[in-house]
There are 2 protein chains.
Amino acid sequence: MKLKDPDKIKAIHAATLQLVSEVGLAGLNMNAIGKKAGIGMGTLYVYFKSKEELINALYRELKLKHTSLIYHTVDMSLPYKLNMQLLVENYMKNRFKYFQEHLFIEQSVLSHFLDSTSLQLEVDAYAGIYALLKEGQRQLLVKDFPVEILAAQMVGGANEIVADAIRKNKKLSSNSIQYAFEMCWDSIQR
Amino acid sequence: MKLKDPDKIKAIHAATLQLVSEVGLAGLNMNAIGKKAGIGMGTLYVYFKSKEELINALYRELKLKHTSLIYHTVDMSLPYKLNMQLLVENYMKNRFKYFQEHLFIEQSVLSHFLDSTSLQLEVDAYAGIYALLKEGQRQLLVKDFPVEILAAQMVGGANEIVADAIRKNKKLSSNSIQYAFEMCWDSIQR
DNA sequence: TTTATTATGGAATAATTATTCTGTTATATT
DNA sequence: AATATAACAGAATAATTATTCCATAATAAA
């Protein structure tokens with residue numbers, strides 16, 4: 001017999017991400033994925049039994065990967081503000097480096113493709129930042145606002161700054177990251 | 001002869017907005033629009049000669065409307081900070097009240113449907129906030145960062161706070177708006 | 001009131017796109 | 001080495017969806 005080729009899955013994923021960044025999720029179709037990935041339709045359907053399953057599988061892989069990556073720098077033995085700074089820097093660099101993946105995630109969430117298990121990952125991703133903000137409030141460093149609002153301000157601001165750089169074909173300079181953290185910190189600090 | 005019925009256009013627009021909020025732009029189709037709007041396909045194609053044109057027309061109408069609405073409260077004779085507060089409050093209330101319309105705008109921008117004229121409106125919408133931030137810098141009230149970064153922080157934070165309320169089926173309380181402006185101001189003030 | 005013109009609904013068709021099918025090829029297992 | 005099993009390509013088909021067509025109804029203009 002013959003075994004599935006892990007490289008094919010990677011090729012399918014890569015083709016899907018590139019197509020979505022070119023024509024949007026609304027313009028995505030299976031033929032184009034097969035062609036761009038360099039594989040036949042039969043093969044495509046060996047790996048994913050439907051378009052919906054392909055999108056869910058890719059979404060879950062990416063969402064779990066980035067939820068994990070984002071918190072990699074967090075180290076509770078560090079001073080709180082430094083911890084936050086590393087988090088924001090890491091978060092922004094990740095959004096910039098993997099912007100195609102984040103674009104796919106965002107469009108998937110707004111589509112009718114995702115099932116409830118996939119959507120739950122979106123909620124879970126916030127647990128870490130909520131906990132970190134609560135710790136900041138405990139240390140009297142962070143404003144006494146609902147953590148959902150504090151987190152939304154942080155995430156929204158950082159996302160938009162990265163998105164602006166990408167829209168304008170600029171690189172994400174270390175200055176921009178510094179400015180972003182300064183604004184972020186000023187906005188949440190007590 | 002017979003004249004086009006303006007109510008039909010409204011019905012088509014409303015049906016489109018509702019469908020996009022239900023199934024995403026990727027799930028939108030002309031049959032569903034006709035059915036939800038209560039009109040036949042022939043009629044639909046009298047008003048819009050293609051799906052692409054329908055999306056562009058609706059996008060342009062909404063983008064122009066909201067770009068204008070957002071700056072309605074601005075009054076340069078007011079103190080700078082108050083002006084900013086009114087802007088942010090107005091901006092957030094608008095995003096909340098017309099969230100379906102903003103959802104449609106966001107998904108359209110990421111799709112392959114919009115032509116360059118439509119996309120230009122996206123760029124134009126930032127002129128007002130950039131000008132306002134420059135004035136704040138002139139008065140030494142606002143941080144000396146690039147206005148694109150300051151604006152991105154303001155817009156991104158406000159958008160995400162509203163989006164969070166909508167995702168969680170909460171209302172946009174006046175407290176939330178107050179918190180949002182306090183964070184916004186702290187983030188940009190010198 | 002008559003007429004010409006355009007809107008209207010919905011069925012028919014065209015176009016696109018998801019999925020399946022078939023023959024073939026590669027390769028684990030014996 | 002032989003065999004069985006599953007991957008593979010791409011053509012064929014099914015399903016969906018955009019668009020057109022046509023018969024009819026409404027109404028502005030004469």
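First the proteins, then the strands, lettered A, B, ... as listed; each starts at 1. Given the structure is predicted, the values throughout are model-derived calculations rather than measurements.
- Within the 4.0 angstrom heavy-atom criterion, no nucleotide atom of any strand lies near B:Leu54.
- At whole-Å resolution of the value, NZ in A:Lys49 and C1' in C:dT20 are 15 Å apart.
- Contact annotation for A:Tyr47: backbone-only contact, meaning every heavy-atom pair under 4.0 Å involves sugar-phosphate atoms and none involves a base.
- With A:Glu148 contributing its side chain and B:Ile161 its backbone, the two residues share no donor-acceptor pair below 3.5 Å.
- For the pair B:Lys51 and D:dT19, the criterion of a side-chain N or O lying under 4.0 Å from OP1 or OP2 is not met.
- Taking for each of A:Met30 and B:Val46 the nucleotide of DNA chain C with the nearest heavy atom, the 5'-most of the two is the partner of B:Val46.
- The phosphate of D:dA6 has neither OP1 nor OP2 within less than 4.0 Å of any side-chain N or O from A:Lys4.
- Using a distance-only test at 3.5 Å, with no hydrogens or angles considered, no donor-acceptor pair links the side chain of B:Ser68 to the main chain of B:Leu64.
- B:Leu28 comes within 4.0 angstrom of sugar-phosphate atoms only, judged by non-hydrogen atoms across all strands, and of no base.
- Side-chain nitrogen and oxygen atoms of A:Tyr45 include none within less than 4.0 Å of the OP1 or OP2 phosphate oxygen of C:dT20.
- Of the side-chain N and O atoms in B:Thr43, none sit less than 4.0 angstrom from OP1 or OP2 of C:dA7.
- A cation-pi arrangement is absent between A:Lys143 and B:Tyr179, since the terminal nitrogen or guanidinium carbon is not both under 6.0 Å from the aromatic centre and inside a 45° cone about the axis.
- The side chain of B:Lys2 contributes no N or O atom lying less than 4.0 Å from OP1 or OP2 of D:dA28.
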